[in-house]
Each structure stands twice: as C-alpha cells, then as structure tokens.
Amino acid sequence: MKRFSCGALRAANDGTGAELCGWVHRRRDHGGLIFIDLRDRDGITQIVFDPQHAAFSDAEHLRSEDVLRVRGRVRKRPAGTENTRLATGDVELAVEELEILNRSQVPPFQVNLEENPEESLRLEYRYLDLRRPRMQRNLTIRHRIIKAMRDFFDEREFIEIETPMLIKGTPEGARDYLVPSRLYPGTFYALPQSPQLLKQICMIAGFGRYMQIARCMRDEDLRSDRQPEFTQLDVEMSFCSQEEVLDVMESCMRFVWKRVLSLELAPFPRMAFADAMERFGTDKPDVRFGLELARVGDLFASTEFAVFKSVLESGGEVVGVRYPGGAALSRREFDALVDDAKQSGAKGMVWVALGADGVKSSAQRFIGEAQADPIAQRLRAERGDALLLFADERDAVFTVAGKMRSEIARRCGLRRDDDFAFCWVTDFPYLEIDAETGKPVPAHHPFTAPMEGEWDLIERDPLRMRAQHYDMVLNGYELGSGSIRIHKPELQRRIFEMLGMSREQVEEQFGFFVRALDYGAPPHGGMALGIDRIAMIACGEENLHEVIAFPKTQTARDLMMDAPAPASEKQLRDLHLLPSQRSQRG
RNA sequence: GGCGCUGUAGCUCAGUUGGUUAGAGCGCCGCCCUGUCACGGCGGAGGUCGUGGGUUCGAGCCCCAUCAGCGUCGCCA
C-alpha cells in the first residue's frame with residue numbers, strides 16, 4: 001500500500017488504498033463517528049473512523065500529538081462536506097487499520113493554534129513549537145532560499161569551500177567566542193566572526209570563485225534581528241570589479257526571489273552613502289515608500305525663531321519630513337509625537353499642520369501660511385498633511401529625521417511585509433571617528449580597498465577617503481556588506497600604518513595574511529549576506545526566532561538545552577582553567 | 001551596562017479608587033452524540049497572582065529589590 005504525505009491526496013486519488021503517517025492535529029469525536037486531522041510537514045488530511053472497523057475502539061482514545069500510522073481507502077467526501085480551506089479538503093481517508101506509533105503527553109501548549117505562546121515556553125519546548133505549520137513553513141522557505149543560492153552559484157562555477165570553526169581571534173571588531181586549547185595551556189581558539197581572511201586566502205590560493213553557507217559567531221548583545229550565531233552567504237571572486245560583484249549578488253537575489261517566492265524583482269536602485277544619509281537619514285534606507293527628507297534651513301535664513309536661528313548660525317541644518325494626513329492629529333497627538341522624536345534623539349520637533357482651514361504650528365508665531373508654503377513644496381506635501389521639522393548639527397539632524405520618517409511610515413501603513421524593496425548603498429567613507437576615543441577607525445574592516453584615485457588621501461586627508469565598499473539593503477534592514485579588497489601588500493601596510501598599528505601588532509594579528517599577500521595575490525572582492533535576515537523578511541516575520549530552528553534568548557541562552565552550563569572539574573582541569581590535580585597536591 | 005513593556009489556571013488573557021469565595025475562552029478529565037472540520041451538549045477538576053521584602057485593618061492591584069522573556073540605546077571593525 002502506497003504511503004502518501006498528509007498534504008498529498010486529491011480527488012484523483014478517490015478509491016485508492018493509502019497509508020498516512022503523522023500527528024493528531026485535532027480530533028472531532030461524534031460518538032458514532034470520529035474525525036482526526038492528521039498532520040505532517042506537508043499538510044493535513046482528515047481521516048475518518050467508523051464503528052464497522054476494529055480500529056474504532058482504539059481511535060476513541062486518541063489525543064493531540066499522538067503519532068499514528070493509518071491504512072485505508074481514499075474517498076471523496078460526501079457532497080457539501082468538502083473543506084475548501086484544506087488542500088486535501090475534497091477527500092478523506094476511511095481508516096481500516098490504525099497503528100499507534102507513540103503516545104504524547106498533553107502538550108504544555110496547543111500545537112494546533114495560530115497564536116504564539118510566550119517566547120520562553122516556545123523555546124523550552126522548541127520541538128513542539130517547530131511542529132506548528134507556521135514554523136514548518138518558515139524553515140522550509142529558509143531551506144529553499146539556501147538551496148537556490150547554492151544552485152545559483154554552482155551554475156556560475158563558484159565552488160563551496162568550508163573554512164574552519166576553530167581559528168585565530170582578532171582583538172578588533174566584535175567580541176570573540178573563545179575555545180580553550182587543551183594541548184597548549186593558556187591559549188585559545190576563536191570561533192569565526194566571519195570567514196573574511198580565509199576566503200581572501202582562498203582567492204590567493206587560486207580558487208577564483210568561492211562561496212560558502214557560513215556559520216558565524218559574535219559575542220555581542222542580541223536584538224530581534226541579531227543572534228550570536230548566524231548564517232551568511234559568503235562570496236568572494238578574483239579579477240573582478242565592484243560592478244561585477246554587485247551584478248552577481250543582485251542576480252542571486254533575483255534568482256532566489258523568483259524561485260522561492262515567484263516574484264520578479266526590479267533592478268535595485270543605488271545611492272551613495274552621502275545621498276542615503278541626506279535623503280533617508282540612514283545608511284540602510286527603507287525604500288518601500290517615499291517621504292524623503294529635505295533640507296529647509298535656507299528657507300529660515302532670516303527667521304527670528306531662536307531655536308532654528310541659533311542652530312543655523314552654528315553651522316547646523318533644519319530638515320523636514322512629510323507626514324501624510326498628519327494635519328488631522330490633535331495637539332495631544334502631536335505632543336506625543338514630539339516625545340517620540342526626543343526618544344529618538346531629537347532636541348525638539350516643530351510640527352506644521354496643513355489643515356483645510358489654515359496652517360497650525362507648534363511655532364505659530366514664526367511659521368504661518370507664507371512660511372509653510374515653500375517648505376510644503378519642497379517636501380511635496382499637500383493640504384491635510386503635516387510637516388515635521390528638526391534642527392540640529394548636520395550629522396545628527398538627518399539621523400533623527402530619518403527615524404521619524406520610519407515611524408510615520410509605520411503609522412501610515414506604508415511598511416507592508418509583502419513588499420520587497422532592495423537597494424544598494426555605495427561609496428562609504430573609509431574611516432569614521434570612534435565616539436569613545438575620538439580617533440579614526442575603519443568604518444568596516446581594514447582589508448577594504450580605498451576608492452581608486454583616492455589613495456593619496458591616506459597621508460593627506462584620510463577622513464575624506466572613501467572605500468570600495470557596498471551594502472545591500474532590504475526594507476530598511478542591512479542584509480550585508482562587501483568590498484573590493486586590498487591585494488597589494490604595500491597598500492595594506494600603508495593602511496595599517498594609517499590606523500596606527502605598529503609593525504609588531506600587524507605581524508602578531510595578521511602576519512599570516514600579510515605574508516600571503518606577498519605571494520601573488522590576485523585582485524579580488526566579494527560580499528556576505530545575512531541569510532537569517534533574508535529568510536525573516538521573505539517569510540514576513542519580524543524576529544529571527546521565527547526562521548531559526550533553535551535560537552537563543554536575548555540573554556544568549558538556549559532554554560531547551562539549558563546552555564550555557566557549567567563544565568565538570570575534570571574538563572576544566574584538562575583545559576587548564578583550574579589547577580591540575582598534580583600541581584594542587586604539589 | 002542604561003531605559004521601557006510583560007509576568008494571574010496547562011495555554012491565551014480579563015481583573016474597576018486597595019475590600020466578601022480571583023474570572024473567561026481554549027486545553028484537560030467524565031458522560032452523551034454518525035458528517036464534523038475552532039464539531040456540538042451536559043458535568044467536573046485545576047490558582048503559593050514570577051520570587052523576596054515592605055506599606056496597610058486589608059495587596060493580584062501601591063512601594064522597593066530580584067529573576068525571566070521581549071523591545072530599545074550602548075555594543076555589533
């Protein structure tokens with residue numbers, strides 16, 4: 001007798017014998033007739049027990065999450081009792097043979113409900129949580145995404161190379177997860193934050209086109225879009241231009257979206273970092289909607305409004321953003337919006353409501369009909385909209401306005417999760433000023449090549465230098481970064497020098513890599529994309545937990561396994577983290 | 001490390017200005033039911049109100065501390 005999955009049977013199977021295996025999703029016991037919805041990864045099929053068959057008496061004792069094997073005959077449901085909400089809803093299996101493969105305890109939460117139980121409960125009983133159709137669907141989509149990526153790169157003659165998990169740590173960047181060495185007391189491996197240097201060495205080794213579905217670890221605090229271990233699509237190519245990398249990565253995403261979601265993606269818009277900051281106030285702009293920021297400081301050149309005046313005189317800027325339909329807000333609602341803005345780092349916020357009956361503003365004395373008009377024009381605002389204005393130093397003001405732009409979009413329902421707006425951000429500055437030390441540090445990593453023709457800035461004016469670095473952004477999430485790398489050893493040394501690293505420091509941390517550059521490193525570049533985030537957005541989810549089988553809590557714990565956990569004394573001694581027995585006695 | 005939200009039955013939640021015996025839906029248990037699909041009907045069990053302290057004649061509710069989950073800032077070259 002043929003075994004079918006629980007999502008497979010159709011009217012065409014009417015009359016055939018079939019075997020199904022799965023879990024009891026739901027039971028409907030009518031006394032003289034018992035319906036069970038049997039569930040597996042593929043779907044749900046209704047199976048029916050009637051009293052003529054011996055199985056009926058056992059079926060009376062079936063409960064949620066029991067595991068069954070049933071054999072019987074597929075039959076069309078009686079006219080009028082089809083279930084259009086099930087793919088298998090035209091048929092049912094009339095059970096003749098029931099085998100109870102395993103019983104289940106009453107589960108701590110109902111697997112057959114859509115609503116999420118509390119997060120910690122889901123994580124503790126992850127095997128039950130993962131049985132829910134939503135999670136089965138999400139992890140299946142994730143699998144298809146990864147499969148599509150591998151197929152895409154395989155067709156283009158990239159090869160997947162596995163890089164080690166036990167590597168050398170770097171003091172720069174994120175905190176490393178360390179693994180103590182047993183054979184070398186007092187020394188540690190680090191788990192990779194990314195295979196960056198190893199994939200570059202694969203280029204030096206002549207592999208030309210590399211990819212890897214790479215696991216990465218960073219011991220930093222978590223967020224809804226950040227886990228301590230994550231998976232990235234890691235790509236590196238030799239003899240390529242930035243243009244070729246952008247093209248292959250964009251093509252890959254187009255291929256994935258087409259294959260997995262059956263959607264055609266338009267060409268990704270591109271913008272320079274500086275433009276992204278001006279237009280959107282962030283280097284990861286959400287371009288699902290417009291509402292672009294605009295400078296309006298020049299319109300207040302002769303204002304008497306003290307707040308704007310003083311900011312403008314000290315070299316700051318006034319930036320506006322449009323709030324569609326915002327004129328309908330009450331004074332109280334505007335006040336709350338001002339609080340939101342302050343929460344986002346604003347010094348304050350001026351609102352201008354373009355009401356049908358005239359202009360109202362929180363700076364009424366200074367912004368009337370005449371002043372509001374040109375601002376509205378620049379922000380492409382109409383009657384019924386509101387304008388939000390922010391004044392601050394040049395860097396800060398765009399960031400704040402950008403956060404409020406995003407908040408406005410949320411309120412106006414412009415952030416649809418079935419809308420996928422990719423874009424590229426390019427031409428990043430090479431350096432940024434470290435907030436703590438005030439010293440210049442690489443905005444990304446020190447193996448990034450400076451923009452062609454700007455190398456002389458290394459000595460002359462390093463802060464103005466730009467990097468051959470690019471980010472792919474989707475719906476306001478940074479999916480990942482890439483760059484053209486430095487392949488000339490002398491340029492790499494000049495960069496380390498600019499960063500204030502001594503010859504000894506370079507040798508100790510990156511000696512193996514700098515040496516490799518000396519033996520004929522080809523020009524190369526690449527990119528890494530966060531697969532967890534891609535899967536999250538593709539699934540319409542807002543938390544990585546929904547697309548990772550066994551995620552960690554915000555405090556980096558695994559509630560199912562209860563990790564991390566203490567190690568035994570013997571383990572600690574072996575790893576030289578406790579004095580050995582012998583030296584204790586001695 | 002900072003800030004915020006949440007924590008009440010197995011689950012999801014309600015619980016009034018602090019006042020009698022803390023409720024609902026689902027689940028669970030028992031009985032009934034031959035066309036349901038969130039089946040239906042009748043009955044029942046089930047609670048240290050996260051934990052510890054305090055205020056009060058009296059605390060699920062107010063205060064302090066603490067734990068956990070989530071969100072957010074710092075952090076994530």
Side-chain angles (χ1 to χ4, degrees), chain A residues 25-39 44-52 56 60-61 63-65 75 77-86 88-89 92 94 105-125 128-129 170-176 193-194 196-197 216-228 230 339-340 343-345 403 428 430-432 434-436 439-448 467 469 478 481 483 495-496 499 501 509-510 530 542-545 551-557 559:
Chain A
H25 189 64
R26 201 166 252 135
R27 82 193 146 93
R28 292 176 293 279
D29 184 345
H30 288 232
L33 191 65
I34 299 170
F35 299 102
I36 299 276
D37 288 339
L38 198 66
R39 182 197 70 236
I44 287 173
T45 302
Q46 173 166 285
I47 63 178
V48 189
F49 295 86
D50 66 63
Q52 286 106 300
F56 186 84
E60 286 183 307
H61 301 109
R63 291 297 181 269
S64 289
E65 302 310 313
R75 68 184 182 210
R77 297 196 188 187
T81 66
E82 299 88 353
N83 185 346
T84 53
R85 288 162 58 193
L86 282 183
T88 59
E92 61 194 10
Q105 299 273 342
V106 175
F109 56 86
Q110 284 176 257
V111 173
N112 57 20
L113 294 181
E114 282 289 315
E115 67 185 355
N116 279 348
E118 204 221 346
E119 195 64 21
S120 52
L121 196 68
R122 296 178 65 194
L123 294 176
E124 185 181 349
Y125 295 93
L128 296 177
D129 190 44
T170 54
E172 309 287 326
R175 209 173 282 120
D176 282 323
Q193 299 183 20
S194 98
Q196 182 62 35
L197 293 179
C216 306
M217 288 84 173
R218 294 178 189 175
D219 188 5
E220 294 293 344
D221 285 350
L222 287 76
R223 289 287 185 281
S224 57
D225 63 349
R226 232 161 63 194
Q227 281 274 310
F230 57 100
D339 286 341
D340 278 359
Q343 208 79 48
S344 303
K403 284 182 182 166
F428 280 80
Y430 200 95
L431 297 171
E432 63 188 15
D434 185 284
E436 265 178 49
K439 287 183 181 159
V441 291
H444 295 93
H445 59 66
F447 316 104
T448 303
H469 177 103
E478 181 191 319
S481 305
S483 61
I495 294 286
F496 282 137
L499 298 171
M501 292 178 71
Q509 289 175 33
F510 306 118
E542 288 183 345
N543 194 304
L544 291 179
H545 286 198
K552 305 257 185 306
T553 67
Q554 205 169 68
T555 46
R557 292 208 301 150
L559 294 181

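Chain naming here is simple, since letters A, B, ... match the order of the sequence lines and numbering starts at 1 in each.
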### Query
How would you label the contact of A:Ile34 with the nucleic acid (heavy atoms, under 4.0 Å): base, sugar-phosphate, or nothing?
nothing
### Query
How far, in whole Å, is B:A24 from B:U34 if one measures between their C1' atoms?
32 Å
### Query
Roughly, in whole Å, what's the span from CD in A:Gln110 to P in B:C28?
7 Å
### Message
Say we look at B:U36 and B:G18: how far apart would their C1' atoms be, to the nearest angstrom?
### Response
49 Å
### Message
Check this for me: does the side-chain of A:Arg218 come within 3.5 Å of the base of B:C75 through a donor and an acceptor?
### Response
no
### Message
Do A:Ile44 and A:Arg26 have side chains that approach each other closer than 4.5 Å (heavy atoms only, starting at C-beta)?
### Response
no
### Query
So, do A:His545 and A:Leu123 sit near enough that their side-chain heavy atoms are less than 4.5 Å apart?
yes
### Query
Could one point to a donor on the side chain of A:Arg223 or the base of B:G74 with an acceptor on the other under 3.5 Å away?
yes
### Task
Would you please confirm or rule out a distance under 4.0 Å between OP1 or OP2 of B:G27 and any side-chain N or O of A:Arg26?
no
### Message
Taking B:C32 as the reference, what is the distance to B:C39 when you measure between their C1' atoms (whole Å, please)?
### Response
14 Å
### Message
Mind checking if A:Glu115 touches a base, just sugar-phosphate, or nothing, with heavy atoms under 4.0 Å?
### Response
sugar-phosphate
### Query
Stacking check: are the rings of A:His30 and B:C33 less than 5.5 Å apart at their centres and under 30 degrees in tilt?
no
### Query
If you measure from the P atom in B:U8 to the same atom in B:C61, how many Å do you get, rounded?
13 Å
### Query
Among the nucleotides B:C37, B:U34, B:A38, which one has an atom lying closest to any side-chain atom of A:Pro51?
B:U34
### Message
Measuring only the P atom in each nucleotide, how far is B:G19 from B:C13? A whole number of Å is fine.
### Response
24 Å
### Message
Between C1' on B:A38 and CG on A:Asn83, what's the gap in Å once rounded to a whole number?
### Response
12 Å
### Task
Write down the distance between CZ (A:Arg27) and C1' (B:C26), rounded to a whole number of angstrom.
13 Å
### Message
Ring centres within less than 5.5 Å and planes less than 30° apart: is that true of A:Phe35 and B:U36 in this structure?
### Response
yes
### Query
Is a donor-acceptor contact shorter than 3.5 angstrom present between the side chain of A:Arg75 and the base of B:G35?
yes
## Note on the structure
From CG of A:Asp37 across to P of B:A38 the rounded distance in Å is 8 Å
### Query
Starting at NE2 of A:His25 and ending at C1' of B:U36, how long is that distance when rounded to a whole Å?
15 Å
### Task
Output yes when at least one side-chain N/O atom of A:Arg122 is less than 4.0 Å from OP1 or OP2 of B:G69, else no.
no
### Query
Is any side-chain N or O of A:Glu542 under 3.5 Å from a base N or O of B:G71, one able to act as donor and the other as acceptor?
no
#### Entry: A:Gly89 to A:Arg77 - nearest heavy-atom pair and separation
O-NE, 3.2 Å
### Query
Taking the C1' atom of each, how far is B:A45 from B:C31, in whole Å?
15 Å
### Task
Take atom P in B:U21 and the same atom in B:C3, then report the distance between them in whole Å.
39 Å
### Message
Angle between ring planes, A:Phe109 versus A:Tyr125, binned at 30° and 60°: parallel, tilted or perpendicular?
### Response
perpendicular
### Message
Measuring only the P atom in each nucleotide, how far is B:G1 from B:C11? A whole number of Å is fine.
### Response
29 Å
### Query
Atom CG of A:Asn116 to atom P of B:C13: distance rounded to whole Å?
10 Å
### Task
Provide, to the nearest angstrom, the distance between the CZ atom belonging to A:Phe49 and the C1' atom belonging to B:C39.
17 Å
### Query
Roughly how many Å is it from CZ in A:Arg28 to P in B:A38, rounded to a whole number?
7 Å
